[in-house]
Amino acid sequence: MSQMLRAFALRKARLARRFRLLRDKRATVMIEMAFCIPLMVLLGFGGLEMASLTLANTRISQIGLSTADNASRIAVGSNLSLPRVREIDINEVFTGAERQAEGLDLGTRGRIILSSLERNDDDGQWIHWQRCYGDLDVESSFGDAGDGATGTDFPGMGPEGAEVTAPPGSAVMFVEIVYEYEPLLYEQWLGERTIRSTAAFNIREGRDLSQVYSSPGVTPSTCS
(Lines give C-alpha, C1' and ligand atoms only; values in the text may rest on other atoms or scores of the structure.)
Protein backbone atom coordinates (compact mmCIF):
# COMPACT_ATOMS: atom_id res chain seq x y z
CA MET A 1 0.00 0.00 0.00
CA SER A 2 2.79 2.32 0.95
CA GLN A 3 4.56 1.59 -2.35
CA MET A 4 1.41 2.53 -4.29
CA LEU A 5 1.15 5.78 -2.38
CA ARG A 6 4.79 6.59 -3.06
CA ALA A 7 4.37 5.83 -6.76
CA PHE A 8 1.26 8.02 -6.93
CA ALA A 9 3.07 10.84 -5.13
CA LEU A 10 6.05 10.56 -7.49
CA ARG A 11 3.81 10.65 -10.56
CA LYS A 12 1.96 13.67 -9.15
CA ALA A 13 5.26 15.46 -8.55
CA ARG A 14 6.41 14.77 -12.14
CA LEU A 15 3.13 16.08 -13.58
CA ALA A 16 3.33 19.20 -11.43
CA ARG A 17 6.90 19.86 -12.58
CA ARG A 18 5.90 19.38 -16.23
CA PHE A 19 3.02 21.83 -15.90
CA ARG A 20 5.33 24.39 -14.23
CA LEU A 21 7.83 24.18 -17.07
CA LEU A 22 5.08 24.50 -19.67
CA ARG A 23 3.59 27.50 -17.85
CA ASP A 24 7.01 29.15 -17.60
CA LYS A 25 7.62 28.77 -21.34
CA ARG A 26 4.22 30.26 -22.23
CA ALA A 27 4.82 33.18 -19.91
CA THR A 28 8.22 33.81 -21.50
CA VAL A 29 6.68 33.83 -25.01
CA MET A 30 3.96 36.24 -23.90
CA ILE A 31 6.51 38.62 -22.37
CA GLU A 32 8.66 38.51 -25.51
CA MET A 33 5.66 39.18 -27.73
CA ALA A 34 4.60 42.07 -25.50
CA PHE A 35 7.98 43.70 -26.13
CA CYS A 36 8.22 42.84 -29.84
CA ILE A 37 4.73 43.68 -31.13
CA PRO A 38 4.94 47.49 -30.55
CA LEU A 39 8.34 47.59 -32.27
CA MET A 40 7.04 45.54 -35.20
CA VAL A 41 4.00 47.82 -35.54
CA LEU A 42 6.25 50.91 -35.39
CA LEU A 43 8.55 49.55 -38.08
CA GLY A 44 5.61 48.46 -40.24
CA PHE A 45 3.92 51.85 -40.20
CA GLY A 46 7.30 53.53 -40.67
CA GLY A 47 7.74 51.50 -43.86
CA LEU A 48 4.33 52.61 -45.08
CA GLU A 49 5.24 56.24 -44.36
CA MET A 50 8.50 55.98 -46.30
CA ALA A 51 6.72 54.29 -49.21
CA SER A 52 4.08 57.05 -49.27
CA LEU A 53 6.74 59.78 -49.24
CA THR A 54 8.69 58.08 -52.02
CA LEU A 55 5.54 57.71 -54.12
CA ALA A 56 4.68 61.40 -53.60
CA ASN A 57 8.19 62.42 -54.73
CA THR A 58 7.89 60.24 -57.82
CA ARG A 59 4.45 61.57 -58.72
CA ILE A 60 5.51 65.22 -58.29
CA SER A 61 8.54 64.61 -60.51
CA GLN A 62 6.37 62.99 -63.20
CA ILE A 63 3.84 65.83 -63.05
CA GLY A 64 6.63 68.35 -63.56
CA LEU A 65 7.95 66.49 -66.60
CA SER A 66 4.48 66.15 -68.13
CA THR A 67 3.66 69.83 -67.54
CA ALA A 68 6.87 71.03 -69.18
CA ASP A 69 6.40 68.60 -72.07
CA ASN A 70 2.78 69.62 -72.67
CA ALA A 71 3.69 73.33 -72.51
CA SER A 72 6.42 72.75 -75.08
CA ARG A 73 3.86 71.27 -77.50
CA ILE A 74 1.47 74.27 -77.54
CA ALA A 75 0.99 75.15 -81.19
CA VAL A 76 -2.13 77.03 -82.20
CA GLY A 77 -2.13 78.88 -85.50
CA SER A 78 -2.20 78.43 -89.25
CA ASN A 79 0.26 77.81 -92.04
CA LEU A 80 0.34 81.57 -92.63
CA SER A 81 1.59 82.51 -89.17
CA LEU A 82 3.66 81.17 -86.30
CA PRO A 83 1.69 79.29 -83.63
CA ARG A 84 0.54 81.43 -80.73
CA VAL A 85 0.48 80.71 -77.02
CA ARG A 86 -2.89 81.66 -75.52
CA GLU A 87 -4.05 81.89 -71.94
CA ILE A 88 -6.52 79.07 -72.56
CA ASP A 89 -3.67 76.83 -73.76
CA ILE A 90 -1.71 77.41 -70.56
CA ASN A 91 -4.82 76.76 -68.45
CA GLU A 92 -5.35 73.47 -70.29
CA VAL A 93 -1.78 72.45 -69.47
CA PHE A 94 -2.54 73.11 -65.79
CA THR A 95 -5.80 71.18 -66.08
CA GLY A 96 -3.83 68.18 -67.29
CA ALA A 97 -1.48 68.51 -64.30
CA GLU A 98 -4.46 68.72 -61.96
CA ARG A 99 -5.91 65.49 -63.35
CA GLN A 100 -2.55 63.77 -63.07
CA ALA A 101 -2.23 64.89 -59.44
CA GLU A 102 -5.57 63.46 -58.27
CA GLY A 103 -5.34 62.42 -54.64
CA LEU A 104 -2.40 64.74 -53.85
CA ASP A 105 -4.49 67.89 -53.31
CA LEU A 106 -1.89 69.76 -55.36
CA GLY A 107 -4.19 72.73 -55.90
CA THR A 108 -4.24 73.46 -52.16
CA ARG A 109 -0.94 72.08 -50.90
CA GLY A 110 1.29 72.94 -53.84
CA ARG A 111 2.16 75.27 -56.68
CA ILE A 112 3.29 74.80 -60.26
CA ILE A 113 5.31 77.67 -61.74
CA LEU A 114 5.61 77.62 -65.52
CA SER A 115 8.20 80.00 -67.03
CA SER A 116 9.04 80.81 -70.61
CA LEU A 117 12.81 81.19 -70.74
CA GLU A 118 13.91 83.01 -73.89
CA ARG A 119 16.68 85.24 -75.24
CA ASN A 120 16.49 89.01 -75.03
CA ASP A 121 17.61 91.53 -77.64
CA ASP A 122 21.12 91.50 -76.15
CA ASP A 123 21.32 87.71 -76.60
CA GLY A 124 21.05 87.17 -72.84
CA GLN A 125 18.70 84.86 -70.97
CA TRP A 126 15.27 86.27 -70.08
CA ILE A 127 12.16 85.06 -68.27
CA HIS A 128 9.57 86.46 -70.64
CA TRP A 129 6.46 85.32 -68.75
CA GLN A 130 5.33 83.12 -65.87
CA ARG A 131 2.04 81.44 -65.04
CA CYS A 132 1.12 79.53 -61.88
CA TYR A 133 -1.29 76.92 -60.61
CA GLY A 134 -1.99 76.14 -56.94
CA ASP A 135 -2.67 78.07 -53.74
CA LEU A 136 0.65 77.50 -51.97
CA ASP A 137 2.21 80.92 -51.38
CA VAL A 138 5.71 80.43 -52.82
CA GLU A 139 7.76 82.16 -55.48
CA SER A 140 10.12 80.80 -58.07
CA SER A 141 13.56 79.86 -56.74
CA PHE A 142 15.22 80.82 -60.01
CA GLY A 143 13.72 84.16 -61.02
CA ASP A 144 10.55 86.09 -61.73
CA ALA A 145 8.90 87.24 -64.94
CA GLY A 146 10.96 90.04 -66.47
CA ASP A 147 14.30 88.96 -65.00
CA GLY A 148 17.04 89.31 -67.62
CA ALA A 149 14.97 91.51 -69.92
CA THR A 150 18.13 93.38 -70.86
CA GLY A 151 21.82 92.61 -70.73
CA THR A 152 23.53 89.28 -70.25
CA ASP A 153 23.84 89.06 -66.46
CA PHE A 154 20.95 86.63 -65.94
CA PRO A 155 22.48 83.12 -66.28
CA GLY A 156 19.32 81.12 -66.90
CA MET A 157 17.09 78.99 -64.68
CA GLY A 158 18.07 76.12 -62.45
CA PRO A 159 20.64 75.32 -59.75
CA GLU A 160 23.72 77.53 -59.68
CA GLY A 161 26.33 76.25 -62.06
CA ALA A 162 23.84 74.03 -63.89
CA GLU A 163 21.41 76.59 -65.28
CA VAL A 164 19.14 75.80 -68.21
CA THR A 165 19.47 78.27 -71.10
CA ALA A 166 17.30 78.97 -74.11
CA PRO A 167 18.81 78.60 -77.61
CA PRO A 168 18.63 81.49 -80.08
CA GLY A 169 15.21 82.02 -81.66
CA SER A 170 13.55 79.46 -79.38
CA ALA A 171 12.30 79.08 -75.81
CA VAL A 172 12.44 76.65 -72.93
CA MET A 173 9.39 75.74 -70.89
CA PHE A 174 10.77 75.59 -67.35
CA VAL A 175 8.57 74.10 -64.62
CA GLU A 176 8.99 74.25 -60.86
CA ILE A 177 6.73 72.37 -58.47
CA VAL A 178 6.64 72.96 -54.72
CA TYR A 179 4.47 70.61 -52.69
CA GLU A 180 3.87 70.34 -48.94
CA TYR A 181 3.71 66.63 -48.19
CA GLU A 182 1.46 65.69 -45.25
CA PRO A 183 2.68 62.56 -43.40
CA LEU A 184 0.20 59.72 -42.99
CA LEU A 185 0.95 58.83 -39.36
CA TYR A 186 4.12 60.50 -38.13
CA GLU A 187 3.25 64.16 -38.58
CA GLN A 188 4.33 65.08 -35.03
CA TRP A 189 7.74 63.49 -35.60
CA LEU A 190 8.40 64.24 -39.26
CA GLY A 191 6.43 67.44 -39.67
CA GLU A 192 5.43 68.62 -43.13
CA ARG A 193 7.96 67.82 -45.82
CA THR A 194 8.46 70.17 -48.76
CA ILE A 195 8.95 68.38 -52.06
CA ARG A 196 10.56 70.39 -54.86
CA SER A 197 10.98 69.32 -58.45
CA THR A 198 12.01 70.99 -61.71
CA ALA A 199 11.72 70.06 -65.37
CA ALA A 200 12.52 71.78 -68.66
CA PHE A 201 11.72 71.15 -72.32
CA ASN A 202 12.63 73.10 -75.44
CA ILE A 203 9.58 74.09 -77.44
CA ARG A 204 8.89 71.50 -80.13
CA GLU A 205 8.47 73.92 -83.04
CA GLY A 206 8.72 77.60 -83.82
CA ARG A 207 6.13 79.78 -82.16
CA ASP A 208 5.19 83.42 -81.78
CA LEU A 209 7.28 84.51 -78.79
CA SER A 210 6.10 88.10 -78.72
CA GLN A 211 3.45 87.61 -76.02
CA VAL A 212 0.84 85.34 -74.44
CA TYR A 213 -2.39 86.08 -76.26
CA SER A 214 -5.60 86.62 -74.32
CA SER A 215 -8.59 84.30 -74.68
CA PRO A 216 -12.17 85.60 -74.41
CA GLY A 217 -13.74 84.67 -71.08
CA VAL A 218 -10.52 83.04 -69.76
CA THR A 219 -8.80 84.25 -66.59
CA PRO A 220 -4.99 84.14 -66.86
CA SER A 221 -3.28 81.92 -64.29
CA THR A 222 -1.01 84.66 -63.02
CA CYS A 223 1.41 84.14 -60.14
CA SER A 224 0.29 87.13 -58.09
Side-chain angles (χ1 to χ4, degrees), residues 53-54 56-75 82-87 89-94 96-98 100-101 104 106 109-181 193-213 220-224:
L53 179 58
T54 301
N57 272 282
T58 301
R59 291 189 65 188
I60 291 298
S61 176
Q62 291 298 320
I63 292 167
L65 288 170
S66 296
T67 302
D69 188 20
N70 290 336
S72 73
R73 297 173 184 272
I74 295 174
L82 287 172
R84 295 180 174 183
V85 177
R86 305 170 301 172
E87 298 292 353
D89 302 317
I90 297 173
N91 287 358
E92 287 177 351
V93 169
F94 288 146
E98 182 180 25
Q100 191 176 354
L104 291 175
L106 182 60
R109 305 187 62 83
R111 170 160 279 204
I112 302 175
I113 304 171
L114 172 62
S115 306
S116 180
L117 181 64
E118 305 171 16
R119 286 185 178 249
N120 61 26
D121 293 336
D122 299 318
D123 204 31
Q125 298 297 308
W126 171 37
I127 302 178
H128 187 180
W129 52 262
Q130 278 183 339
R131 295 294 186 271
C132 294
Y133 164 82
D135 297 332
L136 188 65
D137 188 16
V138 294
E139 297 180 352
S140 170
S141 300
F142 307 113
D144 301 321
D147 287 355
T150 59
T152 58
D153 292 336
F154 186 66
M157 302 186 74
E160 185 176 356
E163 292 88 354
V164 174
T165 57
S170 186
V172 171
M173 296 291 99
F174 191 91
V175 170
E176 302 167 69
I177 301 184
V178 184
Y179 176 69
E180 294 293 343
Y181 171 76
R193 294 298 181 99
T194 301
I195 299 175
R196 296 178 180 272
S197 183
T198 60
F201 274 82
N202 289 325
I203 59 174
R204 298 306 177 93
E205 60 180 282
R207 66 172 54 164
D208 184 345
L209 298 177
S210 62
Q211 64 177 333
V212 177
Y213 288 85
S221 300
T222 58
C223 297
S224 57

Practice problem: Using modelled atom types only, decide if a donor and an acceptor are shared between the side chain of Asp69 and the backbone of Leu65 within a distance under 3.5 Å. | Solution: no
Quiz item: Can you tell me if Arg111 uses its side chain to pair, donor with acceptor, with the backbone of Gly134 under 3.5 Å?
Solution: yes
Quiz item: Measuring from Asn70:CG to Met173:CE, what's the distance to the nearest 0.5 Å?
Solution: 12.0 Å
Quiz item: Donor-acceptor pair, Gln130 side chain versus Gly143 backbone, under 3.5 Å?
Solution: yes
Quiz item: What pairs with Asn202 under side chain to side chain donor-acceptor pair (under 3.5 Å), at least two apart in sequence or on another chain?
Solution: none
Exercise. Using atom types as modelled and distance alone, determine if a side-chain donor or acceptor of Glu92 lies under 3.5 Å from a backbone N or O of Ile90.
Key: no
Quiz item: Does Ala166 offer a backbone N or O that forms a donor-acceptor pair with the side chain of Glu118 under 3.5 Å?
Solution: no
Quiz item: Stepwise, does the side chain to side chain contact (heavy atoms under 4.5 Å, CB included) test hold for Leu82 with Leu209?
Solution: CA-CA 9 Å; Leu82 287 172; Leu209 298 177; over 6 Å; no
Quiz item: Can you tell me if Arg59 uses its side chain to pair, donor with acceptor, with the backbone of Gln100 under 3.5 Å?
Solution: yes
Exercise. State, without any angle test, whether Ser140 and Glu176 hold a side-chain donor-acceptor pair at a distance under 3.5 Å.
Key: yes
Practice problem: Ignoring hydrogens and angles, tell me if any N or O in the side chain of Asn57 forms a donor-acceptor pair with the backbone of Thr54 under 3.5 Å. | Solution: no
Quiz item: Under 3.5 Å, side chain of Asp122 to main-chain N/O of Gly124, donor-acceptor pair present?
Solution: no
Practice problem: Could you go through the side chain to side chain contact (heavy atoms under 4.5 Å, CB included) check for Leu106 and Glu98 one step at a time? | Solution: CA-CA 7 Å; Leu106 182 60; Glu98 182 180 25; over 6 Å; no
Quiz prompt | Pairwise distance CZ(Arg131) to CD(Glu87) - rounded to 0.5 angstrom | solution = 4.0 Å
Quiz item: Is a donor on one side and an acceptor on the other found under 3.5 Å between the side chain of Asn120 and the backbone of Gly148?
Solution: yes
Quiz prompt | Residues that Arg119 engages under side chain to side chain donor-acceptor pair (under 3.5 Å), provided they are two or more places apart | solution = Asp123
Quiz item: With no hydrogens and no angle check, is any side-chain donor or acceptor of Arg109 less than 3.5 Å from a backbone partner on Glu180?
Solution: yes
